[in-house]
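Structure, as structure tokens:
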Amino acid sequence: MGESVHVIIEEIKKGNKEKFLLIIDKMTPLINKYVRLLYKDDKEDMHSEFVLSLLEAINSMQYYKEDGQCVYFLSRALKNKFLEQYKKSKQHFDAEASVEDEFFTEISMDQPVYDDWLFHEDLKTMLLKAEGKQAVILWDIVFHEESDAVIAERHSVSRQYVNRVRRNFFNLLKENYYK
């Protein structure tokens with residue numbers, strides 16, 4: 001089963017820095033979740049930022065005698081780092097965004113709506129990654145809900161191309177949200 005988190009942290013505090021790798025392994029699922037949610041940033045850099053925040057959290061821990069409290073403290077530190085990085089990322093990349101829609105600006109940050117808001121931000125990010133006609137076609141598919149024939153005629157492409165763009169996008173959504 002492995003060592004308890006509080007025992008590992010106690011050894012790290014005593015100077016056994018190799019044990020830090022065990023903490024990283026235990027917290028990797030949460031780190032990966034936050035890295036995935038940060039849009040447009042370099043994933044490796046973000047992963048490193050979260051690992052550093054884990055190290056800072058461990059160094060600042062005063063009480064580390066129970067696993068539950070240790071895990072809560074570390075997960076809280078990761079969440080705070082995520083929120084900080086998300087604000088920076090959003091401010092930086094919103095200035096560069098070429099596609100704006102009132103739909104995204106009217107979302108409140110209440111907790112019940114927060115998850116939907118993150119999904120919409122991810123959706124917007126996916127749309128912004130597309131280029132050229134594909135981006136315009138995706139925008140029509142997602143927000144205007146038009147048929148393939150109408151979109152194909154408007155953009156002078158084949159219906160098959162529009163259908164392929166639609167399928168690829170929905171497969172991407174499935175991969176990201178329905179694993």
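No experiment lies behind these values; they were computed from the predicted model shown. The figures that follow rest on heavy atoms only: side chains count, while hydrogens, waters and symmetry mates do not.
- F50 is not listed as a side-chain neighbour of L54, based on a closest heavy-atom distance of 4.5 Å or more.
- Distance CG/L21 to OG1/T28: 10.0 Å, rounded to 0.5 Å.
- Put simply, V150 and W139 are part of two different groups of oily side chains (I, L, V, M, F, W, Y) that touch within less than 4.5 Å, one to the next.
- Contact record, S156 with K133: O-NZ, 4.1 Å, taken as the closest heavy-atom pair.
- No side-chain donor-acceptor contact under 3.5 Å links K26 to the backbone of V5.
- Atom CZ of F170 is surrounded by more than 12 heavy atoms from other residues, nucleotides or ligands within 6.0 Å.
- With hydrogens and angles disregarded, no donor-acceptor distance shorter than 3.5 Å links the side chain of S4 to the backbone of V7.
- The line from CD1 of I12 to CG of L22 is 7.5 Å long, rounded to the nearest 0.5 Å.
- No salt bridge links E56 with K81; every basic N to acidic carboxylate O contact stays at or beyond 4.0 Å.
- The CZ atom of R167 lies 11.0 Å from the CD1 atom of I141; values are rounded to the nearest 0.5 Å.
- Judged as a side chain to side chain contact (heavy atoms under 4.5 Å, CB included), and not counting sequence neighbours, the contacts of S60 are F73.
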For this session: Assess whether side-chain contact (heavy atoms from CB on, under 4.5 Å) is satisfied between L74 and L30, documenting all intermediate values.
Result: CA-CA 10 Å; L74 294 176; L30 187 59; over 6 Å; no

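- Checked options D140, L138, V136; the residue passing with I151 is D140 (criterion: side-chain contact (heavy atoms from CB on, under 4.5 Å)).
- Separation of atoms CD (E11) and NZ (K19) is listed at 4.5 Å; rounding is to 0.5 Å.
- Counting non-hydrogen atoms of other residues, nucleotides and ligands closer than 6.0 Å to CZ of R159 gives a total of 12 or fewer.
- In E153, the CD atom is not crowded: 12 or fewer heavy atoms of neighbouring residues, nucleotides or ligands sit closer than 6.0 Å.
- Here the straight-line distance linking atom CD of Q85 with atom CG of L78 works out to 11.5 Å at 0.5 Å rounding.
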Problem set entry | Test side-chain contact (heavy atoms from CB on, under 4.5 Å) applied to H47 and N32, step by step | CA-CA 7 Å; H47 191 276; N32 289 341; 3.8 Å; yes

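- No side-chain heavy atom of M46 sits under 4.5 Å from any side-chain heavy atom of Y34.
- For the atom pair CD (E3) and CD1 (I23), the distance works out to 9.5 Å, reported to the nearest 0.5 Å.
- Remark: K17 engages no residue in a salt bridge (Lys or Arg N to Asp or Glu O under 4.0 Å) (not counting sequence neighbours).
- No continuous path of ILVMFWY side-chain contacts below 4.5 Å connects Y72 to I9, so the two sit in separate hydrophobic clusters.
- Although no hydrogens or angles enter the test, the distance criterion places a donor-acceptor pair under 3.5 Å between the side chain of K13 and the main chain of M61.
- Y86 places none of its side-chain heavy atoms less than 4.5 Å from the side chain of L37.
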